[in-house]
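All values below were derived from every heavy atom in this structure, side-chain atoms included, with hydrogens, water molecules and symmetry-related copies excluded. Counting from 1, the numbers follow the sequence of the chain as shown.
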Amino acid sequence: MKLLKYIITGLAACLPLVLSAYSEKNLLQQKAGYPEVRHSLLPASEWVPYPAYTDREGWEQLTGAYRSRLITAGEQLLTYEWKVVKATDYLEFERSGNRKIMEDPFNANMDALASLLLAELAEGEGRFTGQLINGAYYFCEMTSWVLSAHLNAQHLGRSLPDYTEQVIDLTSSDLGSLLAWTWYFMKDAFDQVNPVVNKRLHTELRKRILTPYMAEDRFWWMAFNLKPGGLVNN
């Protein structure tokens with residue numbers, strides 16, 4: 001017991017010396033500075049590993065045996081009626097805790113947009129372009145892309161979207177990614193229909209995703225205010 005006491009006492013005496021000798025190492029910053037990082041980044045024209053929309057041979061090779069299946073799935077959505085998420089669907093989360101009443105139509109629309117995009121990329125004949133524009137414009141008209149259960153991230157803390165504030169959750173990020181890919185692949189085809197489609201998509205993606213991400217640091221999933229032992233979900 002005396003030996004243990006001496007060891008503990010000795011460690012306690014050394015602790016201030018250890019703490020005072022600590023210095024920031026910033027290992028990552030020392031390993032790679034701005035020139036090295038810039039040299040490692042791919043040009044904007046090279047980082048996407050997928051064929052361009054007009055590269056029909058590339059898409060036939062990429063989709064392979066799934067091509068006809070993707071096209072068939074899109075054909076079933078050529079007359080799809082885009083579902084309205086009502087204000088009362090959002091409010092229901094506060095009233096009863098039911099989030100599915102808002103999420104089910106929202107997710108159905110997201111799934112439809114993804115299937116239509118894949119169908120058009122697989123076929124490349126423009127048959128699905130009109131419905132893609134319908135879906136893209138529908139989402140641009142929504143007040144928020146965030147689920148009712150997550151809208152408490154707004155300063156109001158309520159489940160109804162506040163048109164004056166954009167916040168980010170996992171679903172809005174997923175949708176933002178889907179719409180960004182839609183813009184990327186279809187922008188030339190959309191321009192042939194009406195340039196306003198791309199202008200609107202670009203504006204909404206910046207307003208709903210890029211700007212709040214760069215301007216805010218209070219979202220819990222960013223982990224800036226994470227308490228010891230806390231977890232970051234998703």
*Between R158 and L91, is there a donor-acceptor pair closer than 3.5 Å when you use the side chain of the first and the backbone of the second?*
no
_Distance-minimising heavy-atom pair for V85 and P105_ = CG2-CG, 4.1 Å
*Write down the atom of W183, the atom of H202, and the distance for their closest heavy-atom approach.*
CZ2-CD2, 4.5 Å
*CG/N134 to CD/E81 distance, rounded to the nearest 0.5 angstrom?*
9.0 Å
*Using the rule that two of Ile, Leu, Val, Met, Phe, Trp, Tyr join whenever any of their side-chain heavy atoms come within less than 4.5 Å, decide whether W220 and L156 are in one cluster.*
no
*Side-chain donor or acceptor of Q154 paired with backbone N/O of L160 under 3.5 Å*: yes
_Does R99 have more than 12 heavy atoms from other residues, nucleotides or ligands lying within 6.0 Å of its CZ?_
yes
*Short question: side chain of E123, backbone of I71 - any donor-acceptor pair under 3.5 Å?*
no
_Count I, L, V, M, F, W, Y as connected when their side-chain heavy atoms are under 4.5 Å apart, and connections chain through other members. Are W145 and I168 then in the same cluster?_
yes
*To the nearest 0.5 Å, how far apart are CG in L170 and CH2 in W221?*
10.0 Å
*asked:* Checking W82 against Q131 for the side-chain contact (heavy atoms from CB on, under 4.5 Å) test, could you report, in this order, the C-alpha distance in whole Å, the side-chain angles of both residues, the deciding distance, and whether it holds?
replied: CA-CA 9 Å; W82 299 92; Q131 271 288 56; 2.9 Å; yes
*Establish, yes or no, whether the cationic atom of K187 lies under 6.0 Å from the six-membered ring centre of Y184 and within 45° of the ring axis.*
yes
*With rounding to the nearest 0.5 Å, note down the distance linking CG in L116 to CG in L78.*
7.0 Å
_Restricting to non-hydrogen atoms, name the atom on L113 and the atom on A136 that form the minimum distance, rounded to 0.1 Å._
CD1-N, 4.1 Å
_Check: E75 side chain, L70 main-chain N or O, donor-acceptor pair, under 3.5 Å_ = no
_Which atom of A112 lies closest to which atom of Y80, heavy atoms considered_ = CB-CE2, 3.7 Å
*In terms of side-chain geometry, is the basic nitrogen of E103 or K100 positioned less than 4.0 Å from the acidic oxygen of its partner?*
no
*Output the distance between atom OG (S144) and atom CZ (F106), rounded to the nearest 0.5 Å.*
7.5 Å
*Could you grab the distance from atom OG1 of T171 to atom NE2 of H150, nearest 0.5 Å is fine?*
6.5 Å
*Is it the case that one hydrophobic cluster holds both I133 and L121, taking links as side-chain heavy atoms less than 4.5 Å apart, direct or via other members?*
yes
*Evaluate whether atom OH of Y213 has more than 12 neighbouring non-hydrogen atoms of other residues, nucleotides or ligands under 6.0 angstrom away.*
no
*State whether the side chain of R218 and the backbone N or O of A153 hold a donor-acceptor pair below 3.5 Å, judged by distance alone.*
yes
_Distance in Å, T164 OG1 paired with H155 NE2, rounded so as to fall on 0.5 Å steps_ = 10.0 Å
*Evaluate whether atom CD of E165 has more than 12 neighbouring non-hydrogen atoms of other residues, nucleotides or ligands under 6.0 angstrom away.*
yes
*Treating Ile, Leu, Val, Met, Phe, Trp and Tyr as nodes and any side-chain heavy-atom pair under 4.5 angstrom as an edge, say whether W47 and L205 lie in one connected cluster.*
yes
_Any salt bridge linking E60 with R56? Criterion: basic side-chain nitrogen under 4.0 Å from a carboxylate oxygen._
no
*Is a side-chain donor-acceptor pair under 3.5 Å present for Y50 with D55?*
no
*asked:* Just to verify, which of Y66, Y53, F185 counts as forming a ring pair (Phe, Tyr, Trp, His ring centres under 6.0 Å) with W59?
replied: F185
_Just so I know, are the side chains of L117 and L178 near enough to count as touching, which here means a heavy-atom distance under 4.5 Å?_
yes
*Taking the side chain as every heavy atom from C-beta outward, state whether K83 and D104 have any pair of such atoms under 4.5 Å apart.*
no
*Regarding D169 and S172, is there a side-chain donor-to-acceptor distance under 3.5 Å anywhere?*
yes
*Does F190 reach the side chain of L132, with side-chain heavy atoms less than 4.5 Å apart?*
yes
_Is it true that, when you exclude E57 itself, more than 12 heavy atoms of the residues, nucleotides or ligands shown sit nearer than 6.0 Å to its CD?_
no
*What is the minimum heavy-atom distance between I209 and G176, and which atoms define it?*
CG1-CA, 4.3 Å
*Testing N198, D191, V196 for side chain to side chain contact (heavy atoms under 4.5 Å, CB included) with N194, which one passes?*
V196
*Are any side-chain N or O atoms of S159 and backbone N or O atoms of A149, one a donor and one an acceptor, separated by less than 3.5 Å?*
no
*Counting only N and O atoms by type, is there a donor-acceptor contact under 3.5 Å from the side chain of E120 to the main-chain atoms of R127?*
yes
*Locate the shortest heavy-atom distance separating M110 from F139; write the atom from each residue and the value.*
N-CZ, 3.6 Å
*Note, R200 side chain near E141 side chain (heavy atom, < 4.5 Å)*: yes
